[in-house]
Amino acid sequence: MEKIQWTSLFYGWIILFGLLFLSSFTLGFLLKFLDMNEATLSWITFIIGLLILFVCGLITGLKGKAKGWLLGVLIGLGFTGFVFLVQFLGYQQGFSLTQAMYHGFYLAAAILGGIIGVNFSSPAEEN
C-alpha cells in the first residue's frame with residue numbers, strides 16, 4: 001500500500017471513532033429523554049453502525065483513490081478489532097454468533113463504501 005492509502009486509512013479511522021462518539025452521545029440523550037425499549041435501541045444502533053461504516057469506507061475510498069475494497073476491509077476490521085478488544089478485555093466476553101453476523105454486515109458496508117468511494121474519486125496520478 002502506498003502512503004496516500006495509509007493516510008486515507010488514518011483519516012477513516014479518526015472519522016469512524018469521532019462519529020461513533022457523537023452517535024453514542026446522541027443515543028444517550030435519546031435514552032434519557034425518550035421512552036425506548038431494548039429492541040428499538042438494538043435496531044437503531046445497528047443501522048447507525050452500518051451508516052457510519054459505509055460513510056467511513058466512502059471517505060477512505062475517496063481519499064485513497066485505489067484499492068477501495070482493501071481500504072474498506074481495513075476500516076471494517078479495525079472497527080471489529082476495537083469492539084472485540086473492548087468487549088474481551090473490559091467484560092471478559094467473546095463474540096456471540098449474532099454479534100459475528102452483525103460485524104459481517106458492518107464489514108460489508110465498509111467494503112461497499114470503499115469501493116464506491118474509489119469509483120467517485122478522481123484517478124490517481126501516474127508517476
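One is the number of the first residue; the rest follow in order along the sequence. The model shown is predicted, which means the values in this text are computed figures rather than measured ones.
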Taking every non-hydrogen atom, the tightest pair across [X] and [Y]:
X	Y	answer
G76	L107	CA-CD1, 3.8 Å
M36	L30	CE-CB, 3.7 Å
S8	K63	CB-CB, 3.5 Å
I75	A110	CG2-CB, 4.2 Å
A66	V118	N-CG2, 3.8 Å

Problem set entry | Candidates L71, I15, L16 - the one meeting side chain to side chain contact (heavy atoms under 4.5 Å, CB included) with I59 | I15
Exercise. Out of L41, I48, I47, which residue meets the side chain to side chain contact (heavy atoms under 4.5 Å, CB included) rule with T45?
Worked result: L41
For the [atom1] atom on [X], are there more than 12 heavy atoms of other groups (residues, nucleotides or ligands in this structure) within a distance under 6.0 Å?
X	atom1	value
L97	CG	no
F95	CZ	yes
F10	CZ	no

Inter-residue atom distance [X].[atom1] - [Y].[atom2], 0.5 Å rounding:
X	Y	atom1	atom2	answer
F46	M101	CZ	CE	7.0 Å
T26	I44	OG1	CD1	11.5 Å
N119	K65	CG	NZ	13.0 Å
L112	W69	CG	CH2	15.0 Å
E2	T7	CD	OG1	10.5 Å
I14	C56	CD1	SG	10.5 Å

Exercise. How would you list all residue pairs meeting side chain to side chain donor-acceptor pair (under 3.5 Å) that involve residues 97-116, not counting sequence neighbours?
Worked result: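 The answer is T80-H103, Q87-Q99.
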Exercise. Is the ring centre of F79 less than 6.0 Å from the ring centre of F17?
Worked result: no
Problem set entry | Non-hydrogen side-chain atoms of F105 and L53 separated by less than 4.5 Å |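 F105 does not reach L53 side chain to side chain.
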Do [X] and [Y] land in one hydrophobic cluster if side-chain heavy atoms of ILVMFWY residues count as linked below 4.5 Å?
X	Y	answer
I115	L50	yes
L70	F54	no
L27	L19	yes
F82	F21	no
W13	F84	yes

Problem set entry | With F25 via ring-ring contact (aromatic ring centres under 6.0 Å, His included) - residues at least two apart | F29
